[in-house]
2 protein chains.
Amino acid sequence: MTARREPISRERPAKPALSRRWIVDTAVRVMRSEGLGKVTMRRLAQELDTGPSSLYVYVANTAELHAAVLDSLLGEVDLTGRDGGGDWREQLRAVMTSYTQVLFEHPQLARAALVARPSGENYLRLVERILDLLSQSGAGREQVAWGVDKLLQDATATAAEQSTREHDPASGDDWNATVRALHAVDAGTHPAITAHMPALIDGSVPDRIRWSFDVLVNGITHTPVPGAGD
Amino acid sequence: MTARREPISRERPAKPALSRRWIVDTAVRVMRSEGLGKVTMRRLAQELDTGPSSLYVYVANTAELHAAVLDSLLGEVDLTGRDGGGDWREQLRAVMTSYTQVLFEHPQLARAALVARPSGENYLRLVERILDLLSQSGAGREQVAWGVDKLLQDATATAAEQSTREHDPASGDDWNATVRALHAVDAGTHPAITAHMPALIDGSVPDRIRWSFDVLVNGITHTPVPGAGD
DNA sequence: ACCTGAACACCGTTCAAGT
DNA sequence: ACCTGAACACCGTTCAAGT
């Protein structure tokens with residue numbers, strides 16, 4: 001709506017005006033095609049045909065940019081929970097599964113999420129939905145409020161961990177190093193590890209995710225918060 | 001006139017031979033004095049009076065180096081749990097609190113831990129101890145094994161998140177952005193957020209950590225794993 | 001107000017060559 | 001076997017200067 005000066009058309013085909021939205025959209029595109037590692041100020045500036053310093057008018061720093069990219073991706077989360085039944089618990093499970101899936105597709109973002117929490121509209125919509133479903137459990141208000149945090153944190157941390165693991169299994173990555181270390185342990189000095197050994201390493205990712213969800217929901221709904229006498 | 005080359009002792013005293021141990025110890029020292037951000041291959045090489053490429057004989061990459069630093073720090077965790085009573089639960093709480101405290105003192109390491117899981121002796125000792133205490137709950141072997149993972153993940157993720165929050169509160173950091181966004185939410189479109197609003201943001205860090213521990217322990221001990229018919 | 005070039009102060013990793 | 005110099009291909013952020 002602003003009366004801008006008439007843009008004189010040059011050879012270069014309409015370089016769009018810089019804006020936060022345009023920067024974030026470009027960042028999402030670069031992320032999808034080349035990964036979050038390429039979403040750098042310099043690379044984006046190049047993509048937007050300007051210098052890196054120009055971006056700082058719209059974006060505080062790289063972490064904030066990554067948080068904005070994450071929020072944008074959060075638009076893909078299915079909030080309906082229609083894969084679940086009518087049960088609030090199964091609906092909540094479906095929403096959390098969808099959230100987890102989005103992060104698993106872009107695992108580097110999960111790491112970013114733990115560092116710079118998003119605060120955009122899609123994040124708020126997600127929190128709203130989880131709160132709504134979890135409060136149907138009948139648990140106290142404080143438990144529900146704190147519980148949402150735990151559910152999101154657990155899913156995010158799991159995706160962040162998996163992000164390393166999914167690298168090619170050929171490379172001596174750190175997860176395999178941990179598995180090897182647990183196997184190589186001495187039964188005399190580490191009897192508990194030895195006793196729990198297959199289980200410590202076993203279990204499919206979906207099984208573990210499903211169990212984690214149940215652990216948290218069971219724990220959240222049965223554990224009153226410190227202050228409130230609910 | 002052949003100049004006899006004799007190692008005249010100059011100011012520089014006895015450059016010690018490179019070794020993995022020496023590299024990691026130096027990394028820990030740099031981390032303590034200047035933060036993990038300065039623990040880079042180049043900086044370490046400088047500190048060790050060599051070129052960065054030399055380090056690659058002993059360390060695969062930067063992530064592995066950071067994992068080694070973390071394992072070294074894990075030596076500070078109090079495994080006795082003597083702050084707790086005779087109860088396995090209070091002892092376990094004390095161990096987890098000690099672990100959390102160590103990570104809170106070096107929060108950047110918590111982020112590293114989520115990415116590159118450690119596998120050194122101190123990590124194994126910690127896992128052994130938590131397994132031992134948690135199995136005293138009488139829960140099934142699978143629950144205990146998977147539960148240890150959850151307890152460590154929760155504490156680590158919490159420390160990692162806090163690491164951002166603890167930066168100077170003056171700066172418009174992302175946590176404050178989230179708080180602001182939650183406050184600014186419209187009651188019509190986000191009724192659940194509005195209804196849960198003070199609790200969503202409230203609560204001291206120790207209270208939340210204490211509650212998280214109880215949620216997990218309660219959930220772990222009461223939720224059987226998918227396959228096993230315990 | 002918005003945008004920029006140029007600079008400052010760094011990075012990880014590889015590789016051919018030396019000892 | 002171990003170690004290195006040099007190079008390749010990048011980074012984030014600031015700031016004085018321009019429009």
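None of the values given here were measured: they were computed from a predicted structure. Letters A, B, ... mirror the listed sequences (proteins, then strands); counts begin at 1.
Under the 3.5 Å distance criterion, with hydrogens and angles disregarded, no donor-acceptor pair is assigned to the side chains of A/Thr178 and B/Tyr123.
For D/dC2 and C/dA16, the C1' atoms lie 15 Å apart once the distance is rounded to whole Å. For D/dC10 and C/dA9, the P atoms lie 23 Å apart once the distance is rounded to whole Å.
You'll find that the side chain of A/Arg42 is closest to D/dT13, out of D/dT13, C/dC3, C/dT13. Distance from the side chain of B/Thr40 is smallest to C/dC11 among C/dC11, D/dC3, C/dT14. Residue A/Met41 has its side chain nearest to D/dT13 when only C/dT13, D/dC11, D/dT13 are considered.
Checking A/Pro52 against B/Gly51, the closest nucleotide of DNA chain D that is more toward the 5' end is the one next to B/Gly51. Between A/Lys38 and A/Ser53, it is A/Lys38 whose nearest contact on DNA chain D lies nearer the 5' terminus.
Between the C1' atom of C/dC2 and the CD1 atom of A/Ile23 lies a distance of 12 Å, rounded to the nearest Å. One atom, CG of B/Leu65, and another, C1' of C/dG12, lie 12 Å apart when rounded to the nearest Å. B/Leu55 places its CG atom 14 Å from the C1' atom of D/dG5, with the value rounded to the nearest Å. Spacing between atom CD of B/Glu34 and atom P of C/dC11 amounts to 11 Å, rounded to whole angstrom units. Following rounding to the nearest Å, A/Leu48 (CG) and C/dT4 (P) show an atom-to-atom distance of 10 Å. Rounded to an integer number of Å, the gap from A/Arg20 CZ to C/dC3 P is 15 Å. Across the protein-nucleic acid pair, A/Asn61 atom CG and D/dT14 atom C1' stand 14 Å apart, rounded to whole Å. The CG atom of B/Leu18 sits 7 Å away from the P atom of D/dT4 (whole-angstrom rounding).
A 3.5 Å limit on both hydrogen-bonding distances identifies C/dG18 as the Watson-Crick or G-U partner of D/dC2. C/dT13: Watson-Crick or G-U partner is D/dA7, with both key distances under 3.5 Å.
Side-chain N/O atoms of A/Thr62 include none lying less than 4.0 angstrom from OP1 or OP2 on D/dC11. For C/dC3, neither phosphate oxygen OP1 nor OP2 lies less than 4.0 angstrom from any side-chain nitrogen or oxygen of A/Thr50.
Salt-bridge formation is detected for the pair B/Asp25/B/Arg21: a Lys NZ or Arg NE/NH1/NH2 atom is positioned less than 4.0 Å from an Asp or Glu carboxylate oxygen. Taking the charged nitrogens against the carboxylate oxygens, A/Arg125 and A/Glu76 have no contact shorter than 4.0 Å, which rules out a salt bridge.
Residue A/Ser54 is classed as a base contact, given a heavy-atom separation below 4.0 Å to a base.
Side chain of A/Arg129 to backbone of A/Leu79: a donor-acceptor contact under 3.5 angstrom is found.
Contact detail for A/Leu134 and A/Val144: the closest heavy-atom pair is CD2-O, 3.7 Å.
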